[in-house]
A.B. asks: 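Could you have a look at this structure, given as structure tokens, before my questions?
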There are 2 protein chains.
Amino acid sequence: MTTAPDVDRVFAALADATRRDIVRRAIGGGEGIGELAEHYPMSFAAVQKHVAVLERARLVTKERTGRRMVVHTNVEGLRAARSLLDQYEELWRGRISRMTELLTDKKETDA
Amino acid sequence: MTTAPDVDRVFAALADATRRDIVRRAIGGGEGIGELAEHYPMSFAAVQKHVAVLERARLVTKERTGRRMVVHTNVEGLRAARSLLDQYEELWRGRISRMTELLTDKKETDA
DNA sequence: CATTCATACAACCATACGGTTGCATGTCAG
DNA sequence: CTGACATGCAACCGTATGGTTGTATGAATG
């Protein structure tokens, strides 16, 4: 199961443009933290922290290759977040159809 | 279009269990801020702030009814967030199929 | 083994966030 | 008009976050 703090971490991790971009770049994989850092106007350490946040949220994994740390995005994490949003929409659809039923019933009562 | 700061606000808003619960409750609509507040172990003002955060992220809207402020969730906002996650998965699928192609080509070269 | 490159990690700073209380405003009931 | 109720908003407080710099570790290279 996915606990609430887990969900917190996933959405919080995605609430930063730099981190979203890291996720996007790391889909292709192959870049180390240092290479990733070159894309952004901030220090290596800052990018390292962003990767750590994504890792805690299980949105990326790190894999040691020689002295480099290659970052890979974990699509399962993304899917978990998406399915949560799906659930809300599911709820909403349910409510709409119930409302439609209600309206239909009313019409039938009126008729 | 949806700008990066907008996306920031949406994910940041969803990164809190109380706010996610407000979104869920407000799908049904009908509850005012005060009524919502009774569900949580915090002050009215705190809930009011949470609603404000959700409103800035366009995840809910407020509608005045007499002296009450009824909160409704805006499913469009949820859908926008979900479609963003879909895009990442789309990218990922693309990368996989490209990798598959590559492997296929290699096999053919080997054969 | 000394050097260098990539990463890790701690300390520090400014700002943002989640909560509180207190007070002001606006709307309904008598 | 008064009082009560629901909301809005500002000030304040502790902690988390996003950035910095500096130092330490570990792996490849000459």
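First the proteins, then the strands, lettered A, B, ... as listed; each starts at 1.
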A.B. asks: Using atom types as modelled and distance alone, determine if a side-chain donor or acceptor of A:Arg19 lies under 3.5 Å from a backbone N or O of A:Asp21.
C.D. replies: no
A.B. asks: Please list, chain by chain and in numerical order, all residues satisfying side-chain hydrogen bond (donor to acceptor under 3.5 Å, both in side chains) with B:Asp8, sequence neighbours excluded.
C.D. replies: A:Arg20
A.B. asks: Is A:Thr65 reaching over with its side chain to a backbone N or O of A:Arg68, donor-acceptor style, under 3.5 angstrom?
C.D. replies: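 Not confirmed, A:Thr65 side chain does not pair with A:Arg68 backbone.
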A.B. asks: Name all residues meeting the side-chain hydrogen bond (donor to acceptor under 3.5 Å, both in side chains) criterion together with A:Gln48; count only those two or more places apart in sequence or in a different chain, and write none if there are none.
C.D. replies: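 Result, side-chain hydrogen bond (donor to acceptor under 3.5 Å, both in side chains) vs A:Gln48: none returned.
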A.B. asks: Answer with yes or no whether the hydrophobic clustering places A:Tyr40 together with A:Val51; edges join I, L, V, M, F, W, Y residues whose side-chain heavy atoms lie under 4.5 Å apart.
C.D. replies: yes
A.B. asks: To the nearest 0.5 Å, tell me how far A:Thr61 OG1 sits from A:Met69 CE.
C.D. replies: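 Separation between the atoms: 10.0 Å.
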A.B. asks: Using five base pairs at each end to define the local axes, how bent is the helix from C:dC1-D:dG30 to C:dG30-D:dC1, to the nearest 10°?
C.D. replies: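 It works out to 20° between the end axes.
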A.B. asks: Kindly work out whether a path of hydrophobic side-chain contacts (I/L/V/M/F/W/Y, heavy atoms less than 4.5 Å apart) joins B:Phe44 to B:Leu54.
C.D. replies: yes
A.B. asks: Keeping the roles fixed (side chain from A:Arg58, backbone from A:Gly77), state whether a donor-acceptor pair exists under 3.5 Å.
C.D. replies: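 A pair under 3.5 Å: no.
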A.B. asks: Is atom CZ of A:Arg82 surrounded by more than 12 heavy atoms (other residues, nucleotides or ligands) closer than 6.0 Å?
C.D. replies: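 Counting neighbours around CZ of A:Arg82, more than 12 heavy atoms of other residues, nucleotides or ligands fall under 6.0 Å, so yes.
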A.B. asks: Of all nucleotides in DNA chain C with an atom under 4.0 Å from a non-hydrogen atom of chain B, which is the first and which the last going 5' to 3'?
C.D. replies: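 Reading along DNA chain C, I get C:dG18 to C:dC28.
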A.B. asks: Using whole Å, what does the distance between atom P of nucleotide D:dT7 and atom CD of B:Glu31 come to?
C.D. replies: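 Atom-to-atom, B:Glu31 to D:dT7, this comes out as 11 Å.
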A.B. asks: Determine, for nucleotides 16-26 of chain D in 5'-to-3' order, which nucleotides have protein heavy atoms under 4.0 Å from the base (write B), from only the sugar-phosphate (write S), or from neither (write -).
C.D. replies: --SBBB-----
A.B. asks: I'd like to check the salt bridge (Lys or Arg N to Asp or Glu O under 4.0 Å) partners of A:Glu76; sequence neighbours left out, ordered by chain and number.
C.D. replies: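 With neighbours one apart ignored, the set is A:Arg79.
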A.B. asks: Is the shortest side-chain N/O distance from B:Gln48 to OP1 or OP2 of D:dG8 below 4.0 Å?
C.D. replies: yes
